[in-house]
Structures are given as C-alpha cells and as structure tokens.
Amino acid sequence: MTSTLDSLNDWVEQTARLTRPDRVHWCDGSEAEYHALVNQMLENGDLIELNQDTHPGCYLHRSDPKDVARVEQLTLVCHPNREDAGPNNHWMDPAEAHAKIDALFEGCMAGRTLYVVPYCMGPIGSPIARCGVEITDSPYVVANMRIMTRMGKAAQERIEREGSFVKGLHSTGELDPERRWIMHFPEQLTIKSYGSGYGGNALLGKKCHALRIASHQAHSEGWLAEHMLIVGIQNPQGEIHYIAAAFPSACGKTNLSMLIPPEPYATNGWKIWTVGDDICWMTPGEDGQLWAINPEAGFFGVAPGTSRKTNPNALAMLGRDAIFTNVAVTADMQPWWEGLGEGTPAKDWQGRDANSGNGPAAHPNSRFTVSASQCPSWSPETEAAHGVPISAIVFGGRRQSLVPLVFEARDWTHGVLLGASMASETTAAATDKVGVVRRDPMAMKPFCGYNFGDYFAHWLSFDKDDSQLPKVFHVNWFRKGDDGSFLWPGFGENMRVLEWMLKRISGQAQGVQTPIGIIPADGELDLAGLDLDQHTLQALFAIDPAAWKQELEDIGEYLDSYGTRMPEKLKAEQQRVTRALDEGNPQS
Ligand code: TSX
Ligand code: MN
C-alpha cells in the first residue's frame, strides 16, 4: 500500500521532472522561513520595503501591469462531461486541458526554486477543514499563502494522517496574457495555473480550492462552499448570533465583516466579531443547524476605499506585518490608495510620478494581505473545530432603485430564489458600462465549480424535515432618492438592520408581509438618533409592483438561460412571487 507521503513525494518528483527547477524547497511555515523569503525578495526587487517606522514588517509588491486581476476567459472547469461545468463556466476536455498546460509547464522552473507548500483550509483540528499542497515557483505566492492559510508542518502532518489533499501546480511563467490558464479538474482534486502571479490566479488555496474545487466536493458530500463573509453579532445579554452574507464585488463585504457598532449600540453592549470576510464552508450539524468555518487565515482585501471612516478595524490591522500589492506610496514610503483620506501619493502603483496624469495612483484592484489575527474584531471562535452556528444568511446587491433596504424570504425555497437572482449595478470599471444590472447568483458566478442548475438544486436540498435552517434576508445599502443621493447612511449604521434580523430570529419582531417578502413593521427598525425623515424611510422600503413584475420576468429569463438542469422548484417559486405581485397578496 502506498502512503499519502509516498503519493505526495511521487507527485513532487514527477512535477520536478516536468518543470526542471534548480532546487526543491519543502515549506515548514516557520517565521524564519518567511523572513528568509522576504529578504530574498527584497534583494531581487520582488518586494520593496515600506516605511518601517510607521509600518513595521510591511512591504510592497508591484506586479506586472498586464497581470493585475483574475482572467475569466482563461479560467476553466474541466469536468469529463461539459454539461457538468454548465453555462456558468468555461470548459475544456480534461485530457486536452492537461496536454495544453503541461506543454507550458515543461522546463518552466529552470533556474528557479520549486516550493512545496502544504496548507490547511480551516482550523487544523476541524473535521470541516480540508488540506491541499501548492507547488509554485513564486516566493511571493509562498509568502502570501503563509498569511492566508495554515501553511507548513502542521498541515503536512494532517495530510499524511488523512490521505486526501488537493494538488495545485502554479508557475508564474512568462506572464504572457496569451499563454495563461487557470484550470480546475474537480474529479481529480487538481488545479493547474500558469502565466499569472496575481492573487486570485496564483494563491490556489483561495478561489481555486476553497471555492471552485470545494463547491464541487461540497455538492457530492452534502455541504456548502460559499463566497460569504461570516460575522458574530453580540447583543447586550452577551449572546452571539452568527450570520453569513454574500455580496457581489464593490458592495463593501470586508467593511461589513469588520463593522463597528455606532453609539448608542456600543455603549449598550453590542459588538461585532469578525469570523471571515470572503469564504464560508457550511455543513449541517446533528442538531440540523448549518455550522460554518472560515477556511482562510488572512485577508486579501481591496485597498482603495479603505479608510479610518469606512473601516477603522482594517486600517488598524494594516499598520504592521502586511504585504501590499500595486498600491501607491507617499514620499516617505507609506502605502497610499484612493479613498484612504490621508497623506499624498508620490509614486503610483507602477513606480511612476503619481502626479503626472496616469490615472489613479493605486491600481483599482490593489490589495493588502494580512493575517486575520491582526484584526481588532477578530473572533476567537475562528479556531473552533465545529465552527459557528449560522442563524441567518444574507444576500445583497447594489441597486439604486427597486430593492428595499432589507426584506426577509418567507421560507428556504424563497431564500434560494433571492440568492439565485442576486444582482448588482456595475461601478466604475475599465470594460463595463457603469450602472448596468449584472446578475451574480450567490456572488458565485466566477467561482462555482459545477453547473449552476445543479448548484441551485443542491441549495434547495438542504430543506429537510429535521433541518433548522437559517432565515434568509436580502439587503440593499445603495438605494437612492429622486435627487440621486443615498437614502441610507450605511457603514456602522447597518447595525440597525442586523438588529432587526436578530429580532426576527428570536421572534421579537412581527414584520409585514409583502408580495416580495417580509419588511420591518412600523417602529421595528430602530432609527433613534438618525436624521432620517418619514419620507426617506418610505422611499427606502417602497415596493413598486409594476417594476417588480418586470424584475421577476427578468429573473425568469435569467434562470431559463441555464437550461434543463435548472430545478423546476425554483421556477415554480419565481412564478409564485409573480402571482403574489399580480394579486397584491403576499400569501399566494
Ligand atoms: O462598504 C460599504 N457599506 C457597508 C459597510 C459596512 N460601502 C462602501 C461600498 C464600496 C465598497 C457603502 N457605501 C455603504 C455600506 O453600507 N453604503 C454606501 C453608500 C454611501 C456612501 C457614502 C455615504 C453614505 C452612503 N456618505 C454619507 O452619507 C456622508
Ligand atoms: Mn471574494
């Protein structure tokens, strides 16, 4: 019988024969190893030292200007059967895909070091956690993986005990956009990524493993791998309720995960605990509830827009031991980005004069990588092997009209429809038109490793007689008034919306049934101390039946576009809401 160690060794040897590195280094995850890598990158220019007086242990990485984001056209999910990938994924036959990318890997590590990076997604002792090994020739990837995952010796020991792990092979390659692939082979628990050093394409534990491979694994094993933040909300009685929330990009997911309750909530004993800002693995417990872990150990967050006003906790954790990618710097080498609200940029993200009209000084997708333990609101429960019980799932989007501040699904099936029909208006982006509605079901469009029809059926299947499922809500922080200004103050004040959700969960709020779901009854949403008049409140919760009829029609067409695997039950739910709108009767 071959042990896991043999199979790991065999795979490393086989990969070294293909890629022909000068050296092989097995990562132990130690601090000494991290510092050695940092020093090596400081020497070769991969890292630039930031101001060590103001930002001890902080470094800047400038990526290739052609390699600054995920590339969806080149991201493939290679199931043997094309239908299993679904219309939501780019697909290639697995044998053809391996042949194509292995040709690029051939000899690609000559003159370089091959790093073997064992990692665990989730607490090492958790039955919900899963392990992987990434082989990479990028020291930047190794350093980031050490921050983002439980990386090194303990992970390798679990892999040797457990037997199964995800194999990820990555090479930075020539960074030629024409010779770049990110391939997933879910049946083989394998990822191959060539030609990009960018986080989402190269830190294989995150989007590739924890979402694309894991979502497929979760489908066959009966759990959920989701693109969701997790927060604990502690009330004045000291009880903590956990919620998981999915938002499309540019809705402030990281900000919500680190929310600081405003006054008088804080004084009254309310507190937010951050469990995760991006990924949530949930599994039904023996009690029928969904129990969740954050598989990550760090944040890989978008820098622009992060400030002492929008996210004080994030700014506090970025003062030391962080890697910044593609941000600008001030004259005294402090990190800087648009929306920081302090300091002045001297050099832009490419090292050019920041004031010479080359556009934004920091790249709009510039990032920070930082250990989650540095976040002031970090929850100790992130280390709990069994995870945390989820009381509510929240879906959201950026919609300037139509969608109320908050409403609740009438039941699980309705909640799945809310997730499946999630949409957001595009914000400033190079290729997109601004203000166009884009659907992004459960914020998983680029991350679901199998057919969306099967994925929605999987979500629906959790509704069993003995299950204690979370309530499902939808929020929209971005509704605008006739004058074009935001109706809701957002940020910390979102605490008021979270409080209403908790009141619904504990049966202390009745709500009002509407055809689209349950909204707060008069007085249930605490608005004390907010300068919000009756007219604004009405505009925040107004439901326009004709516009919603149109929305439901759009949703129906969207679901149909996924073809025959779309569950009938979801289409029936879309029809039920349509009928409720027709009849003006929430009970339809
Ligand atoms: O993150 C945001 N959140 C969630 C916070 C916990 N943002 C930033 C989105 C870009 C990533 C928001 N922007 C939020 C929000 O709740 N709301 C808004 C819209 C908004 C912007 C500015 C104001 C108000 C609302 N400013 C003033 O009212 C002064
Ligand atoms: Mn994300």
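Both ligands and their constituent atoms are indexed starting at 1 by order of listing.
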**Report entry** Criterion ring pair (Phe, Tyr, Trp, His ring centres under 6.0 Å) on His55 and Tyr59, from CA distance to verdict
**Finding:** CA-CA 9 Å; His55 292 77; Tyr59 305 96; over 10 Å; no
Requested in this report: Let me know which of Ile243, Ile230, Leu224 forms a side-chain contact (heavy atoms from CB on, under 4.5 Å) with Ile390.
Outcome: Ile230
Requested in this report: Decide yes or no on ring pair (Phe, Tyr, Trp, His ring centres under 6.0 Å) for His79 and His216, but give the supporting numbers first.
Outcome: CA-CA 10 Å; His79 292 282; His216 174 261; 5.0 Å; yes
Less than 4.0 Å between a side-chain N and a carboxylate O, is that true for [Y] and [X]?
X      : Y      : result
Glu408 : Arg504 : yes
Arg212 : Glu72  : no
Glu221 : Arg130 : yes

Pairs of nitrogen or oxygen atoms, one from ligand 1 and one from the protein, closer than 3.5 Å: please tabulate them with distances.
| unit_1 | atom_1 | unit_2 | atom_2 | d |
| --- | --- | --- | --- | --- |
| ligand 1 | 1 (O) | Asn255 | ND2 | 2.8 |
| ligand 1 | 16 (O) | Phe491 | N | 2.9 |
| ligand 1 | 16 (O) | Asn494 | ND2 | 2.9 |

**Report entry** Parallel, tilted or perpendicular, as decided by the 30° and 60° cut-offs, for the rings of His474 and Phe407
**Finding:** parallel
Query raised in the report: Which class fits the ring pair Phe456 and Phe452: parallel under 30°, tilted 30 to 60°, perpendicular over 60°?
Result: parallel
Query - Cation-pi geometry met for Lys167 and Phe165 (6.0 Å, 45°) - result: yes
Query raised in the report: What's within reach of the Mn ion (ligand 2), meaning protein N/O/S atoms under 2.8 Å?
Result: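 Checking every protein N, O and S atom gives Lys207 NZ, His227 NE2, Asp278 OD1.
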